[in-house]
Amino acid sequence: MDSTARARSRAAGGNLPAEVTSFVGRRREITLTKRLLAESRVVTLTGPGGIGKSRLALRVAANMSRSFRDKTWQVELGELRDPDLVPATVVEQLNVPETSGGGELDNLVEHFREREALLVLDNCEHLVRACVDLVDTLTRACPGLRVLTTSRQSLGAAGESTLVVPPLQAPDPEQLPAAEAYEQYAAVRLFVDRARAVVPEFEVTPDNAPVLMRLCHRLDGNPLAMELAVVRLRSLSPRQLEERLDERYELLSGGRSGAPPRQQTLRALIDWSYDLCTEPERRAWAHLSVFSGSFDLEAAEYVIDGTTERSHAASLVHALVDKSVLLLERSDGPSRYLLPHTLREYGLEKLWAAGERPEAEARHRHWYTGIAQRFAAEWLGAEQVEWVRRLRAEQANLRAALHSVTEHGDGGETSGEPHAEEAGPVAGGPAVALRLATALGRYWQLRGAHTEARYWLDRTLALTGTRRAPRERAAALAASAWFTLLHGDVAGARGSLDTATATLQGRDAPLERAHLTRTYGMVALFEQDAATAIRLLDDALETFRRGAEKQGELFALIGLGLAHALDGRTRDGLELLEDALAITTGRGEVYWRSWTLWAIGYLKTAEDRLDRAEPALKEALRLQRRLDNRLAIAFSLDTLAWVAHLRGNDRRAARLFGAAGGAWESARSTPNLYATFAEQHRSHLVATREALGDEAYGDAFDRGYHWEHDTAIDFALEVKQRSRETSRENVHPMPLTSREREIAQLVAQGRTNKEIAEQLVIALRTVEGHVQHILTKLDFTSRAQIAGWVAEMRSEQGGQ
């Protein structure tokens, strides 16, 4: 991507998650937060756990998306434990390109310097100092950036404004309004909404409405407290629930008189949920609190296994789901489970009190160390796509295991053994810490997270000393050298390789030395020293073949193929690549096959054999898409742009250059780091621009650059796009229910609330509630705005 293209502001749609439950109330807080963001560069929403800070921040960000040219973006920090990884986490979640010019903060500054955007940093309270450093740096250097954070305490950042998020409005129990007026209170509306999700037939009646309003007052309008309490409606009537809440608060408040009332309320609700569990369920809850993010049943069984028989562990998980302690996450794969933050903190407290936290964390560490080692051992096979899916789902837990193994240094030792079919044998000590970081290197590369890979490798290397675990240390140094090379730092890569070579001095370690030799060969290839690259890669290839090390062999063959082409012997290079392709055939593996096909397409393009180049590149791209191999996708899109230019289709070429530009950013890389490739990239790009003219080229480039990831790949593969209507529906889901849409249409016709009530045969108060919901969901303040929205929707749907 050339410098002109890199300076363009990419008008992407942001990355805010879709809301999965209805949003109730908060119109005043939304307005105040918007006002503060108009006046301050940094705004922090504070308040106790469960009060709804995150939901409010995301709703404000969604409503303000059109106010920022470069949209609104969220970074979730709740699962992160390492303050040093805050910038890297922001880089990863926003797909900010990494360059060789500096660290993650420099990349973020470069990314936001010319942008007008809103950045939401969610759950900052445990990383306050790191978040302040990040926010201060960004706001000083990026005038168009505003930052909205959520935290249980203010950050203390320069120019920060804070808003304490209050409870949802609940009625005064001493002056309750009429039963039908319950909808004017956001707390009661939320309670009723969640009650209907738990008990679908639940209805508000004149008899239970006063009880519901008193309940919401007793729950202090805390959304999480209401979520916890409403589950009891499965077995209790509202009146029974009220009676038991009153009893519980009287029993539990005495010992916590120093805590704020709302914290007493939430604590009492969690205590109640805990007390309703059996003793095995309580211990399972406590042990499951060591997970970070979601987890699957097998992992839960292994961590719980220290407290109960494994055959019983699954029933404990299911019981905790039934009691709404664990949340069930359904996906295309196996079900996963999540313990909400507040309940996790509670569980960790119980785990400490029982003296069982070290053992539970060791079992967690042991399990995920085994997962990573199995991933490394099984990578060259037919399960690569499934492995990438699994590691992506487990990323927060893998980070927690890396953090734990570097903190404790025992490499996952535990009193129990992991299941043989899952984890494999796991020894303790520094060797495991190094193997864990090295094994995950390929996953970090697929995600484009080169900086994070170096962080964990360097951290484990620093903790293990120079004389311990020499083979593992050499492998970790070689991996660190590779990621350093991908950052364009040739000297740094060579330094790591020299250290690794010294580590193996005097040891019989032929395969470890071959991996170092191969990486030295890739350094030479980056330096365009073809002769040295060929000599070193040939040496490594011979050793890999003697040792039947297929992954090393494939890597060396691809490097050799490119090196021979650089040396002017393209035919020899293609023969080597065909050898690599033959090895992958029949194995069902995707990673090395896709890189080999790209290399073949790249060399065929250089030979102007476009009839052979294009099919190879497209097949490579299809395989790369399955793994979401971001760097490889960038190479393939870019090379397909060359093919389009050489075929004389310069408009397609310009769009592909734009799509490639977005892909390079997603991979946090740039073609400029690869000298030979960069020269050809610039040559084809300049020729394409000259053929089209600057204005036409810029328009076509921008169109490709702004495409969604799948749209760009579909275009490159010449796959028929989805219809405009389907795409619009997926990107902009309907925010209103069918009843609300019906009422919105009647409002647009100029009908009054009374007329709507008469036509639909419903209560006037119900209509008023629906209109209020419509205004809240659409962030409108008048009926005229609703009418305009209805007209716009009809226009977008072609008058249907």
Side-chain angles (χ1 to χ4, degrees), residues 290-305 310 313 333-336 361-406 410-447 449 452-453 456-457 460 469 471-472 475-476 479 511-512 515 547-552 554-555 584 587-592 626-629:
V290 300
F291 284 99
S292 186
S294 65
F295 49 89
D296 62 22
L297 182 59
E298 289 179 307
E301 287 174 327
Y302 181 68
V303 170
I304 295 173
D305 198 25
R310 188 184 183 204
S335 295
R336 297 182 65 81
E361 289 185 335
R363 295 186 70 80
H364 176 277
R365 190 162 64 243
H366 197 183
W367 177 266
Y368 284 103
T369 298
I371 292 294
Q373 290 188 3
R374 184 180 164 197
F375 161 64
E378 298 181 3
W379 175 244
L380 192 63
E383 301 299 320
Q384 288 178 336
V385 174
E386 175 58 25
W387 268 115
V388 171
R389 183 205 63 78
R390 182 175 187 180
L391 294 190
R392 186 177 299 134
E394 298 288 9
Q395 183 165 293
N397 283 303
L398 291 168
R399 280 176 169 162
L402 283 162
H403 175 86
S404 183
V405 80
T406 53
D410 69 357
E413 288 181 309
T414 181
S415 57
E417 289 298 322
H419 311 312
E421 71 274 16
E422 279 300 327
V426 182
V432 169
L434 291 165
R435 284 202 297 269
L436 176 58
T438 304
L440 291 173
R442 183 163 289 111
Y443 171 71
W444 297 125
Q445 181 175 336
L446 284 167
R447 303 296 297 154
E452 180 157 4
W456 291 117
L457 288 163
T460 53
R471 285 179 171 79
E472 289 81 2
L511 286 177
E512 289 83 355
H515 282 291
E549 214 291 82
K550 289 299 180 185
Q551 298 213 55
L554 285 166
F555 200 155
T584 66
R587 291 178 177 268
E589 79 91 40
V590 175
Y591 180 80
W592 293 110
R626 294 178 62 195
L627 289 176
D628 192 23
N629 187 345

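What you are looking at is a predicted structure, and each value in this text was computed from that prediction instead of being measured. FYI, the numbering just counts along the sequence from 1. What you see below is based on every heavy atom in this structure, not just the backbone, and it leaves out hydrogens, waters and symmetry mates.
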I'd like to check the salt bridge (Lys or Arg N to Asp or Glu O under 4.0 Å) partners of Glu512; sequence neighbours left out, ordered by chain and number. Arg471
Hey, are the side chains of Arg447 and Leu391 touching, using non-hydrogen atoms and a 4.5 Å cut-off? no
Does any non-hydrogen side-chain atom of Phe375 lie less than 4.5 Å from one of Glu383? no
For Arg392, check salt bridge (Lys or Arg N to Asp or Glu O under 4.0 Å) against everything at least two apart and list the hits. Asp628
If you compare all heavy atoms of Ala393 against all heavy atoms of Ser294, which two are closest, and at what distance to 0.1 Å? O-OG, 4.1 Å
If you compare all heavy atoms of Arg365 against all heavy atoms of Ser404, which two are closest, and at what distance to 0.1 Å? NH1-OG, 2.5 Å
Sort out for me which residue in Thr406, Ile371, Val405 forms a side-chain contact (heavy atoms from CB on, under 4.5 Å) with Leu436. Val405
Report yes if some heavy atom in the side chain of Leu402 is under 4.5 Å from a heavy atom in the side chain of Leu440; otherwise report no. yes
Quick one: list whatever passes side-chain hydrogen bond (donor to acceptor under 3.5 Å, both in side chains) with His364, sequence neighbours left out. Asn397
Suppose we screen for side-chain hydrogen bond (donor to acceptor under 3.5 Å, both in side chains). Which residues come up paired with Glu386, at least two apart in sequence or across chains? Arg389
Is there a side-chain contact between Lys550 and Glu589 in this structure, where contact means two heavy atoms from C-beta onward sitting under 4.5 Å apart? no
Would you find a donor on one side and an acceptor on the other, under 3.5 Å apart, between the side chain of Gln384 and the backbone of Tyr591? yes
Do the side chains of Asp296 and Arg390 get nearer than 4.5 Å, heavy atoms only? yes
Locate the shortest heavy-atom distance separating Thr438 from Ala479; write the atom from each residue and the value. CG2-CB, 4.3 Å
Mind checking side-chain hydrogen bond (donor to acceptor under 3.5 Å, both in side chains) for Trp456 and listing every partner two or more places apart, or none if nothing turns up? Glu452
For Tyr368 and Phe291, take the angle between the two ring planes, folded into 0 to 90°, and tell me which bin it lands in: parallel under 30, tilted 30 to 60, perpendicular over 60. perpendicular
Which heavy atom of Ser292 sits nearest to which heavy atom of Ala396, and what is that distance? O-CB, 3.3 Å
Could you go step by step and tell me if Val388 and Arg626 meet the side-chain contact (heavy atoms from CB on, under 4.5 Å) rule? CA-CA 9 Å; Val388 171; Arg626 294 178 62 195; over 6 Å; no
Using the side-chain hydrogen bond (donor to acceptor under 3.5 Å, both in side chains) criterion, which residues pair with Glu472? Sequence neighbours excluded. Arg435
Taking all non-hydrogen atoms of both residues into account, name the closest pair between Ala433 and Thr460 and its distance. O-CG2, 3.5 Å
Any side-chain heavy-atom pair of Trp592 and Trp379 under 4.5 Å: yes
Measure the shortest side-chain to side-chain distance between Phe555 and His515 over non-hydrogen atoms and say whether it is less than 4.5 angstrom. no
